[in-house]
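Worksheet: one structure, shown below.
Atoms within a ligand are numbered from 1 in the order they appear, just like the ligands themselves.
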Amino acid sequence: MQLRPRAQRTTETLRQLVAQTTLEPRNLMMPIFVRENLLEPKQISGMPGIYQQSLASLPEHLDQIMSAGILSVMLFGIPEEKDPLGSQATNPSGILHAAVKLAKSHAGSRLVVVADVCLDEFTSHGHCGLLGEQGEVLNDATLEVYQKMAVQLAIAGADVLGLSGMMDNQVAAVRAVLEANQMADTLILAYSAKFASGFYAPFRNAVESSLQGDRKSYQQDYRNPREARLEIQLDLNQGADFVMVKPALSYLDVISKAAEISHVPVMAYMVSGEYAMLNAAFETGALDRERLILETHYSVRRAGADVICTYFALELAQLLGTR
Ligand code: PBG
């Protein structure tokens, strides 16, 4: 018998009929940067079309996102003042808390609001945790700060806490403190397999980071898929409600593995540098914008991600709406 797979590709209708992978606005999460004391939205260097929002501009931005059919946003706060302890991260009237409160009072249950629980946006040294005397990032002392942030942000109204700091046992620590405070319905998004990646560079502009050096002592080594599997398993064991792989495009194998072993939804984060890389190619005309936005996001879905956190979310959702 001759197998003739081309027969299924002959017409657009046939191709639509047999297409295995779907991509809808509900599969997308939009990251948003909210900067304290900003008068109007400010373009982020290296990320064309992406702006730091002010508290004043946030509601309109959320309206656009919701109109496009997107159901979730990831909020990052950028404080005016940074210090070694990242004090603004645990100031209940700090910028992140205010953004979460505003987003929830504006959108209510129509939008799932994720708050980033990490210190790097708030520390003057730019690390995701507190530093010890030799400049090392302290694991357990940092967990106590995450716990405090978690409770405050849950009170502010966050539906989901995004644990992006890559400290050991961060999911268990936050799970415990939520339980102890009768906040068991606040969900935990674990950045389980987060790699020490060069693709985060434009994000550092977005959050005005002054990081010297790198995060290799806490983020994962991209050579190690076995370690990624362990990190995912540990977060599942500690009670994560979502597991995330980050970045996305160079890590499709890890996304695929996560989808295989996870009993909770899998997310992937297509990060700032992936956005920048594609946009640079669009600007030169080397690559076609719509085609490549679709192809890359479909690929991440095909690998097994239920939800993709991506700076293309708004544009892509609008594009999907017109097709
Ligand atoms: C840490 C955090 C980072 C990103 C998301 N959360 C920065 C880092 O780990 O260096 C990067 C996201 C992106 O590049 O779009 N809070």
Side-chain angles (χ1 to χ4, degrees), residues 28-35 44-52 73-79 82 86 88-90 94-96 99-100 114-130 137 142-143 145-146 149-150 153 158 160-167 170 174 189-222 231 242-251 267-280 296-297 300 307-314:
L28 304 172
M29 176 186 290
M30 182 74 187
I32 304 178
F33 302 100
V34 185
R35 170 67 159 91
I44 296 164
S45 152
M47 301 183 72
I50 304 296
Y51 294 78
Q52 286 183 336
V73 294
M74 164 86 77
L75 294 181
F76 296 97
I78 302 125
K82 305 193 183 202
Q88 290 304 311
T90 48
I95 184 63
L96 180 58
V100 167
V114 187
D116 187 55
V117 178
C118 193
L119 283 183
D120 67 311
E121 296 95 319
F122 300 95
T123 51
S124 44
H125 46 73
H127 277 294
C128 297
L130 302 176
V137 177
T142 300
L143 291 184
V145 185
Y146 290 173
M149 276 183 91
L153 291 166
V160 183
L161 302 170
L163 298 178
S164 67
M166 291 301 289
M167 296 301 122
Q170 57 185 11
V174 169
L189 158 56
Y191 283 56
S192 302
K194 177 173 177 181
F195 293 88
S197 170
F199 282 112
Y200 306 147
F203 179 93
R204 312 255 160 101
N205 300 332
V207 302
E208 302 170 23
S209 171
S210 43
L211 179 71
Q212 304 285 321
D214 58 52
R215 305 196 199 284
K216 289 181 184 166
S217 77
Y218 44 106
Q219 298 180 348
Q220 285 168 64
D221 187 324
Y222 51 70
E231 288 279 9
F242 305 92
V243 290
M244 182 182 262
V245 176
K246 173 181 176 186
L249 294 176
S250 299
Y251 299 88
M267 296 194 184
Y269 196 149
M270 200 188 290
V271 300
S272 57
E274 298 177 278
Y275 181 82
M277 177 170 69
L278 284 164
N279 272 288
T296 48
H297 291 79
V300 176
V307 177
I308 309 170
C309 184
T310 169
Y311 302 96
F312 287 111
L314 181 55

> Nearest heavy atom to atom 3 (C) of ligand 1: which of Phe203, Tyr191, Tyr269, Phe195 does it belong to?
Replying inline: Phe203
> Which bit of Asp116 is near ligand 1, meaning a heavy atom under 4.0 Å away: side chain, backbone, both or neither?
Replying inline: side chain
> How far is atom 11 (C) of ligand 1 from its nearest protein heavy atom, and which residue and atom name does that atom have?
Replying inline: Lys246 NZ, 3.2 Å
> Is Arg35 salt-bridged to Glu208, going by a charged N under 4.0 Å from an acidic O?
Replying inline: yes
> For atom 15 (O) of ligand 1, which of Tyr218, Tyr311, Phe199 has the closest heavy atom?
Replying inline: Tyr311
>> Taking side-chain hydrogen bond (donor to acceptor under 3.5 Å, both in side chains) as the definition, give me every residue that meets it alongside Ser164, ordered by chain and number, with sequence neighbours left out.
In response: Asp116
>> With heavy-atom distances below 4.0 Å as the criterion, list the atoms of ligand 1 near Arg204.
In response: 8 (C), 10 (O)
>> Counting non-hydrogen protein atoms only, what is the nearest one to atom 14 (O) of ligand 1? Give residue, atom name and distance.
In response: Ser272 OG, 2.7 Å
> Hey, is Asp120 touching ligand 1 through its side chain, its backbone, both or neither, going by heavy atoms under 4.0 Å?
Replying inline: side chain
> Quick one: CE on Met166 to NZ on Lys246, what's the gap to the nearest 0.5 Å?
Replying inline: 10.0 Å
>> Please check if the number of heavy atoms outside Tyr222 that lie under 6.0 Å from its OH is greater than 12.
In response: no
> Does Lys194 count as lying over the ring of Tyr269, i.e. NZ or CZ under 6.0 Å from the six-ring centre, within 45 degrees of the axis?
Replying inline: no
> Looking at Glu121, which atoms of ligand 1 are within less than 4.0 Å of one of its heavy atoms?
Replying inline: 16 (N)
>> To the closest 0.5 Å, what do you measure between NE2 (His127) and CG (Leu119)?
In response: 12.0 Å
> Polar-atom distance check: Lys194 versus ligand 1, any N or O pair below 3.5 Å?
Replying inline: yes
> What are the two closest heavy atoms between Cys128 and Gly165, and how far apart are they?
Replying inline: CB-O, 3.9 Å
> Heavy-atom contacts under 4.0 Å between Cys118 and ligand 1: side chain, backbone, both, or neither?
Replying inline: side chain
> Considering only protein heavy atoms, which is closest to atom 8 (C) of ligand 1, and at what distance to one decimal place?
Replying inline: Arg215 NE, 3.3 Å
>> Applying side chain to side chain contact (heavy atoms under 4.5 Å, CB included), can you list everything that pairs with Ala158, at least two apart in sequence or on another chain?
In response: Val100, Ala115, Leu153, Leu161
